[in-house]
Participant: 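Following this message is one structure expressed as structure tokens.
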Amino acid sequence: MLTRRQIRVKVMQCIYALTLSHDESLEKQKKFLRISIDNTYTLYLLVLSLLIELHKMEDNFIRLSSKKYLNGNDEKYPDKKKFLNNAVLRQIANNSMLQNELAKRKLNNWDLHQDYVKIVFNEIKNSELFEQYMLNTESSYEEDKNFIANLFKEVIAPNERIYEYFEDDELTWVDDIPLVNTFVLRQLKKVNAKFGHSYFLPKLLKDQDDMVFADQLLTKTLLDDKKFEGEIQLKTPNWDKDRIADIDAILLKMAICELTGFSSIPERVTINEYLEIAKEYSTPKSSIFINGILDKLVKEYKISGKLKKTGRGLL
């Protein structure tokens, strides 16, 4: 679920938080990193649980609308229970493994904030997508899947109130929301009627090596902070240290750490990864600035023998 680039971003955020708090406790930062990574999975589960809550709300709506005084727009639909019986939505709502994971983590957020669920529910009901789906008399798993995927992409994921809720609940989720939404959409598009319950509970990390990488990148970057800072200053003699953006300085230190301390990662992979992160998280000219410094350092490291790379490398 999390790629190496996203892990690098997590490490960057952790180091940036440290610079703001001036807390030099390495163990505390390592704990913060692990929590930040795990919280990405929590966000993923909450997004799926929102789909479950929407299904529950539709079930309740159907039962209440059976009363004459609540009859409304749904009367025009050939099958008033089509949304309720959507195969993919039911596949998620009836997933016992997912339910157990939500219970284990005590993720009952939507029970406490039903107003947010109601907002999304009403947007769905008023959407053109919903109208077209409900008026279509044909029904198939493929149609149900396409509808839920499009509904998530066009109505649920872009909802500003849900975004605000996640942002207020956990600050690190601001950067995780696009990642998680993209992953959920991919899951919805690829789901199959024969897939087991574990399909919607993917591994957060590819393997334990990813967590080791995250931990080592954070630890080595922090422990050698002064050394890396000195190398940066040697390549920017006309720059006052305070003129270099905090994020740029952090990305440069992490990149130097990777270049010299992670022999299995090719230097071009390292440079490209940090340039892409800089484009997204720093100033418009940051990637050019960072590329210039890293290019000089790589040339020097190769001459001095400091750059030692082995194997095919990992992204």
Participant: Is L222 linked to F32 within one hydrophobic cluster, defined over Ile, Leu, Val, Met, Phe, Trp and Tyr using a side-chain heavy-atom separation of less than 4.5 Å?
Facilitator: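 As far as the 4.5 Å side-chain criterion goes, F32 and L222 are not connected within one cluster.
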Participant: Rounded to the nearest 0.5 Å, how far does CD of E123 lie from CG of L129?
Facilitator: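 Between L129 CG and E123 CD, I get 12.0 Å after rounding to 0.5 Å.
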Participant: In this structure, would I288 and I290 fall into the same cluster of hydrophobic residues linked by side-chain contacts under 4.5 Å?
Facilitator: no
Participant: Examine the side chains of E101 and Y41 and answer whether a donor and an acceptor come within less than 3.5 Å of each other.
Facilitator: no
Participant: Over all heavy atoms of both residues, which pair between I52 and A93 is shortest? Give the atoms and the distance, please.
Facilitator: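 The answer is CG1-CA, 3.9 Å.
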Participant: Do M12 and V9 have side chains that approach each other closer than 4.5 Å (heavy atoms only, starting at C-beta)?
Facilitator: yes
Participant: If only atom types and distance count, is the side chain of N146 paired as donor or acceptor with the main-chain N or O of E142 below 3.5 Å?
Facilitator: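 At least one qualifying donor-acceptor pair exists.
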Participant: Do you know the tightest heavy-atom contact between V180 and T40?
Facilitator: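 Heavy atoms only, the tightest pair is CG2-O, 3.8 Å.
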Participant: Decide side chain to side chain donor-acceptor pair (under 3.5 Å) for T3 and Q6; before the verdict, give the C-alpha distance in whole Å, the side-chain angles of both, and the deciding distance to 0.1 Å.
Facilitator: CA-CA 5 Å; T3 66; Q6 287 144 4; 3.2 Å; yes
Participant: Whether the side chain of K235 engages the backbone of K296 through a donor-acceptor N/O pair (distance < 3.5 Å, no angle test) should be reported.
Facilitator: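 Side chain of K235 to backbone of K296: no pair is present.
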Participant: With a 4.5 Å heavy-atom cut-off, do C14 and Q29 have their side chains touching?
Facilitator: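 Yes, side chains in contact.
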Participant: Measure from the side-chain N and O atoms of N126 to the backbone N and O of N122, and report whether any donor-acceptor pair falls under 3.5 Å.
Facilitator: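 Here the side-chain-to-backbone pair exists.
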Participant: With the side chain counted from C-beta on, respond yes when T172 and L43 share a heavy-atom pair under 4.5 Å apart, and no when they do not.
Facilitator: no
Participant: Quick one: closest heavy-atom pair of V298 and E267, and the distance?
Facilitator: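 Closest pair (atom of V298, atom of E267, distance): CG1-CG, 4.3 Å.
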Participant: According to a 4.5 Å side-chain heavy-atom criterion applied to Ile, Leu, Val, Met, Phe, Trp and Tyr, with indirect links allowed, do V191 and M97 form part of one hydrophobic cluster?
Facilitator: yes
Participant: Would you give the length of the straight line joining atom CG of D210 to atom CD of Q208, rounded to the nearest 0.5 angstrom?
Facilitator: 9.0 Å
Participant: Less than 4.5 Å apart, any side-chain heavy atom of L185 and any of N181?
Facilitator: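 No - every pair of side-chain heavy atoms lies 4.5 Å or more apart.
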Participant: Please report, to 0.1 Å, the donor-acceptor pairs under 3.5 Å made by any side chain of residues 248-259, with sequence neighbours excluded.
Facilitator:
residue	atom	partner	partner atom	Å
D248	OD1	S282	OG	2.5
D248	OD1	S286	OG	2.9
D248	OD2	S286	OG	2.9
K253	NZ	D225	OD1	2.8
K253	NZ	E229	OE1	3.4
E258	OE1	R8	NH2	3.1
E258	OE1	T270	OG1	2.8
E258	OE2	R8	NE	2.7
E258	OE2	R8	NH2	3.4
E258	OE2	Y274	OH	2.7

Participant: I'd like to know whether OH of Y16 has more than 12 heavy-atom contacts from other residues, nucleotides or ligands below 6.0 angstrom.
Facilitator: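 No, OH of Y16 has 12 or fewer neighbouring heavy atoms, counting only those of other groups under 6.0 Å.
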Participant: Are more than 12 heavy atoms from other residues, nucleotides or ligands located less than 6.0 Å from atom NZ of K30?
Facilitator: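 Buried by this count: over 12 neighbours within 6.0 Å.
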Participant: Answer yes or no: is there a donor N or O on one side and an acceptor on the other, between the side chain of N159 and the main chain of I162, under 3.5 Å?
Facilitator: yes
Participant: Which residue, N39, D176, D175, forms the side chain to side chain donor-acceptor pair (under 3.5 Å) with K10?
Facilitator: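 It is D176, the one option of N39, D176, D175 that forms the side chain to side chain donor-acceptor pair (under 3.5 Å) with K10.
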Participant: Does Y199 offer a backbone N or O that forms a donor-acceptor pair with the side chain of Q187 under 3.5 Å?
Facilitator: yes
Participant: Decide yes or no on side chain to side chain contact (heavy atoms under 4.5 Å, CB included) for F61 and K125, but give the supporting numbers first.
Facilitator: CA-CA 11 Å; F61 178 83; K125 289 283 187 168; 3.6 Å; yes
Participant: Only counting residues at least two apart or in another chain, list the ones meeting salt bridge (charged side-chain N to carboxylate O under 4.0 Å, His left out) with D169.
Facilitator: none
Participant: With side chain to side chain contact (heavy atoms under 4.5 Å, CB included) as the criterion, how do E131 and K76 come out once you've worked through the C-alpha distance, each side chain's angles and the decisive distance to 0.1 Å?
Facilitator: CA-CA 10 Å; E131 180 87 352; K76 63 184 177 183; 2.9 Å; yes
Participant: Is any side-chain heavy atom of F166 closer than 4.5 Å to a side-chain heavy atom of V174?
Facilitator: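 F166 does not reach V174 side chain to side chain.
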Participant: Quick one: pull up CG in N85 and NZ in K80 and give me the separation to the nearest 0.5 Å.
Facilitator: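 N85 atom CG to K80 atom NZ measures 13.0 Å (nearest 0.5 Å).
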Participant: Any donor-acceptor pair under 3.5 Å linking the side chain of D144 with the backbone of N86?
Facilitator: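 Answer holds: no.
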Participant: In Å, rounded to the nearest 0.5 Å, how long is the span from CD1 of I124 to CG of L151?
Facilitator: 4.5 Å
Participant: Are L205 and V212 co-members of a hydrophobic cluster defined by side-chain heavy atoms under 4.5 Å apart?
Facilitator: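 No; L205 is not reachable from V212 via cluster members.
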Participant: Ring centres under 6.0 Å, that's the criterion: do F130 and F83 meet it?
Facilitator: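 Yes; F83 has its ring centre under 6.0 Å from that of F130.
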Participant: Let me confirm one number: the CG-NE2 distance from L50 to H113, rounded to the nearest 0.5 Å.
Facilitator: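 The distance works out to 12.5 Å.
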Participant: Distance check, rounded to the nearest 0.5 Å: K31 atom NZ versus S25 atom OG?
Facilitator: 10.0 Å
Participant: Checking H197 side chain against S96 main chain: does a donor-acceptor pair fall under 3.5 Å?
Facilitator: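 A pair under 3.5 Å: yes.
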Participant: Would you find a donor on one side and an acceptor on the other, under 3.5 Å apart, between the side chain of K203 and the backbone of M1?
Facilitator: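 Flag not set: sc K203 to bb M1 has no pair under 3.5 Å.
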Participant: Kindly give the heavy-atom pair with the smallest separation between S263 and K308, and that separation in Å.
Facilitator: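 Between these two residues, the closest heavy atoms are CB-O, 3.3 Å.
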Participant: Where is the tightest heavy-atom contact between K153 and A157, given as atom of each residue plus distance?
Facilitator: O-CB, 4.4 Å
Participant: Carefully, step by step, assess K299 and D295 under the rule side chain to side chain contact (heavy atoms under 4.5 Å, CB included).
Facilitator: CA-CA 6 Å; K299 289 176 182 176; D295 188 55; 3.4 Å; yes
Participant: For atom NZ of K306, is the number of surrounding heavy atoms from other residues, nucleotides or ligands below 6.0 Å larger than 12?
Facilitator: yes
Participant: Short question: side chain of K82, backbone of N136 - any donor-acceptor pair under 3.5 Å?
Facilitator: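 At least one qualifying donor-acceptor pair exists.
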Participant: With F183, which of F152, Y44, F200 fulfils ring-ring contact (aromatic ring centres under 6.0 Å, His included)?
Facilitator: Y44
Participant: If the condition is side chain to side chain donor-acceptor pair (under 3.5 Å), which residues does N109 pass it with, not counting sequence neighbours?
Facilitator: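 Partners of N109 under the side chain to side chain donor-acceptor pair (under 3.5 Å) test: Y165.
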Participant: Would you confirm whether W110, through its side chain, and L46, through its main-chain N or O, come within 3.5 Å as a donor-acceptor pair?
Facilitator: yes
Participant: Is the shortest side-chain heavy-atom distance between I244 and F289 below 4.5 Å?
Facilitator: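 They are in side-chain contact.
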Participant: Please answer: with hydrophobic residues joined when any side-chain heavy atoms are less than 4.5 Å apart, are L112 and F121 in the same cluster?
Facilitator: no
Participant: Does a side-chain heavy-atom distance below 4.5 Å link L188 with K145?
Facilitator: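 L188 vs K145: side chains apart.
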Participant: Taking the side chain as every heavy atom from C-beta outward, state whether K220 and L223 have any atom pair closer than 4.5 Å.
Facilitator: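 Side-chain contact under 4.5 Å: no.
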Participant: Run the side chain to side chain contact (heavy atoms under 4.5 Å, CB included) check on V47 and I156 step by step: do they pass?
Facilitator: CA-CA 9 Å; V47 171; I156 301 172; 5.9 Å; no
Participant: Do you know the tightest heavy-atom contact between D38 and L204?
Facilitator: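 Nearest pair, atom of D38 first, then L204: CA-CD2, 3.9 Å.
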